[in-house]
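Since the structure comes first, as structure tokens, the remarks are kept for the end.
Below, all heavy atoms of this structure are taken into account, side chains as well, without hydrogens, waters or symmetry copies.
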Amino acid sequence: MALWMETGSEPKTETEIADLEAISALKESTALELKEKGNELVKKGKKHYPEAIHCYGRAIDQKALNDHDTSVLFSNRAHVNLLLGNYRRALSDSQDAIKLFPANVKAYYRAAKACQSLNLLAEAKSYCESGVGKDPSNEELKKLAKQIDLKKLEQEQREAQVSKALVEAKDLVSAIEDRRLKLGNATYRELTGLRKPVLEKNGILHWPVLLLYAEFMSKSCPPLPWDKENHYSRDAIELYYEAGSGICLYKSKILRYLLEGTAAANVESIGEEEKDAADGSPYDSSAGSYKWVKVNEKRTLHDVLKEPNFIIPMIPVFYVVSKRSGFYKDFITGKWRPPA
């Protein structure tokens with residue numbers, strides 16, 4: 001029987017030829033039936049999509065159809081993979097469809113859609129152009145090409161924003177390092193939000209500052225009503241910072257903080273992690289030597305921030321206390337600590 005003939009041998013008798021033709025016709029009929037079954041399953045809805053893919057795959061495996069019809073099978077399977085979000089498989093099926101029958105315009109469209117979803121915008125545009133070359137009147141491909149152009153423009157704008165944010169943040173870190181300022185973990189984020197230092201083009205560095213009334217931070221004390229006893233007059237108040245509080249951060253950690261709220265907030269790499277690992281800690285931390293340091297109001301903010309024992313919690317924090325208040329003694333003797 002022809003069914004048992006070895007590979008490469010040719011049928012010689014009429015019986016062998018008839019057997020092979022019958023087998024070929026059966027395989028072709030099976031492939032067409034599987035194709036139609038797949039089409040019907042797609043029409044039934046999403047829960048039938050995996051079974052439709054299986055039917056198209058079995059039809060392809062029959063290897064009984066001509067290149068045009070087999071190309072349609074690959075293109076149909078690409079369509080269902082697109083619907084399921086299997087974009088890599090959809091692209092592969094579309095490419096196989098195009099190789100078999102380069103005039104299959106639907107395959108170009110589906111390849112472009114898959115590339116668009118995979119953010120391969122240059123490839124997506126190329127498939128659109130090739131498809132329009134085969135069918136100049138195809139409005140779907142022209143519409144998709146415009147969508148891809150718009151997405152590409154948005155991506156380029158986004159990349160420009162990310163690049164700008166990275167440059168500005170790195171310039172800011174360089175300015176902080178040049179001034180030998182030490183930064184630690186941010187505190188009181190509920191009050192400072194996303195406020196950050198700002199570096200002007202002329203090199204001037206502007207810092208927002210947080211002033212806290214230590215006496216009224218304790219849970220046992222009510223908020224200021226406002227100061228009916230007139231303790232907090234201009235001549236009675238003093239300003240302090242907490243020395244040696246916190247641990248100095250690596251440059252990469254500082255950059256991550258400065259990038260919060262920007263277009264580059266979620267970039268995977270900022271190019272500083274490796275340097276941190278190689279260089280070790282960028283500062284000599286004086287953490288652990290806790291005390292209050294009174295601020296000389298005649299000094300500039302820059303001079304105060306440069307103090308070796310001032311680790312800036314991203315936004316400088318100063319505590320306002322009154323010499324006239326009963327709280328004053330507890331504060332300067334270290335009996336009061338900021339609430340956790």
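The environment of CZ in Arg324 is crowded: more than 12 heavy-atom neighbours from other residues, nucleotides or ligands sit within 6.0 Å. In this structure, Lys106 places its NZ atom where only 12 or fewer heavy-atom neighbours from other residues, nucleotides or ligands lie under 6.0 Å away. Atom NZ of Lys151 sits in a crowded spot, with more than 12 heavy atoms from other residues, nucleotides or ligands closer than 6.0 Å. Other residues, nucleotides and ligands place more than 12 heavy atoms under 6.0 Å from the NE2 atom of His231. The environment of NZ in Lys142 is crowded: more than 12 heavy-atom neighbours from other residues, nucleotides or ligands sit within 6.0 Å. Atom CG of Asn266 has 12 or fewer heavy atoms from other residues, nucleotides or ligands within 6.0 Å. Within 6.0 Å of atom CD in Glu200, more than 12 heavy atoms from other residues, nucleotides or ligands are found, so the atom counts as buried in its surroundings.
Using a distance-only test at 3.5 Å, with no hydrogens or angles considered, a donor-acceptor pair links the side chain of Thr300 to the main chain of Asp303. At distances below 3.5 Å, at least one donor-acceptor pair connects side-chain atoms of Asn66 with backbone N or O atoms of Asp69. Ser117 places a side-chain N or O within donor-acceptor distance of the main-chain N or O of Lys113, the cut-off being under 3.5 Å. Under the 3.5 Å distance criterion, the side-chain polar atoms of Thr333 are matched with a main-chain donor or acceptor of Asp330. A distance-only check finds no donor-acceptor pair linking the side chain of Arg299 to the backbone of Val295 [under 3.5 Å]. Although no hydrogens or angles enter the test, the distance criterion places a donor-acceptor pair under 3.5 Å between the side chain of Ser130 and the main chain of Ser126. Tyr56 places no side-chain N or O within donor-acceptor distance of the main-chain N or O of Ala78, the cut-off being under 3.5 Å. Put simply, the side chain of Arg158 gets close to the backbone of Ala263: a donor and an acceptor are under 3.5 Å apart. When atom types are taken as modelled, the side chain of Lys182 and the backbone of Glu307 share a donor-acceptor pair closer than 3.5 angstrom. No donor-acceptor pair closer than 3.5 Å links the side chain of Arg110 to the backbone N or O of Ala90.
One side chain, Tyr240 or Glu238, offers a donor N or O that lies under 3.5 Å from an acceptor on the other. In this model, a donor atom of one side chain and an acceptor atom of the other lie less than 3.5 Å apart for Asp135 and Ser137.
When hydrophobic clusters are built by joining Ile, Leu, Val, Met, Phe, Trp and Tyr residues whose side-chain heavy atoms come closer than 4.5 Å, directly or via intermediates, Ile176 is not grouped with Val198. Residue Val80 is not grouped with residue Leu82 when hydrophobic side chains (ILVMFWY) are merged at heavy-atom distances under 4.5 angstrom, including chains of intermediate members. By the rule that hydrophobic residues join a cluster once side-chain heavy atoms approach within less than 4.5 Å of another member, Leu249 and Leu305 end up as members of one cluster. One hydrophobic cluster, built from ILVMFWY side chains closer than 4.5 Å, cannot hold both Val167 and Leu205; they sit in different ones. No chain of hydrophobic side-chain contacts below 4.5 Å, direct or via other Ile, Leu, Val, Met, Phe, Trp or Tyr residues, connects Val105 to Ile98.
Using a 4.5 Å cut-off on side-chain heavy atoms (C-beta onward), Ile247 and Asn185 make no contact. Residues Leu239 and Leu211 are in side-chain contact: their nearest non-hydrogen atoms beyond the backbone lie under 4.5 Å apart. Proximity of Phe101 to Thr70: side-chain heavy atoms (C-beta onward) are nowhere separated by under 4.5 Å. Looking at Cys55 and Lys35, their side chains never come closer than 4.5 Å, going by heavy atoms from C-beta outward. In this structure the side chain of Lys335 never reaches within 4.5 angstrom of the side chain of Lys329, judged on heavy atoms.
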- Leu121 and Cys115: side chain to side chain contact (heavy atoms under 4.5 Å, CB included), yes or no, with the steps? CA-CA 6 Å; Leu121 301 185; Cys115 286; over 6 Å; no

- For Lys251 and Glu177, what are the C-alpha separation, side-chain angles and deciding distance, and is it a side chain to side chain contact (heavy atoms under 4.5 Å, CB included)? CA-CA 9 Å; Lys251 182 187 289 188; Glu177 287 182 327; 3.1 Å; yes

- Message: For a side-chain hydrogen bond (donor to acceptor under 3.5 Å, both in side chains) check, start with the C-alpha distance between Glu215 and Tyr328, then their side-chain angles and the critical distance, and finish with the verdict.
- Response: CA-CA 8 Å; Glu215 182 175 359; Tyr328 182 72; over 6 Å; no

- Please walk me through it: do Tyr241 and Val304 pass side chain to side chain contact (heavy atoms under 4.5 Å, CB included)? CA-CA 9 Å; Tyr241 67 83; Val304 176; 4.0 Å; yes

- Task: Could you please spell out the steps behind the side chain to side chain contact (heavy atoms under 4.5 Å, CB included) verdict for Leu191 and Leu210?
- Result: CA-CA 8 Å; Leu191 300 175; Leu210 181 63; 4.2 Å; yes

- Task: Before giving the answer on salt bridge (charged side-chain N to carboxylate O under 4.0 Å, His left out), spell out for Arg337 and Glu242 the whole-Å C-alpha distance, their side-chain angles and the decisive distance to 0.1 Å.
- Result: CA-CA 10 Å; Arg337 291 294 306 271; Glu242 189 177 2; 3.2 Å; yes

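Aromatic pair Tyr213/Tyr319: centroids not less than 6.0 angstrom apart. Between Tyr109 and Tyr127, the ring center distance fails the sub-6.0 Å criterion.
Heavy atoms only, all atoms of each residue included: Ile270 and Ser252 are closest at CD1-O, 3.6 Å. Closest approach of Pro50 to Leu84, counting heavy atoms only: N-CD1, 4.5 Å. The minimum heavy-atom distance between Arg256 and Glu268, with the atom names listed, is NH2-O, 3.0 Å.
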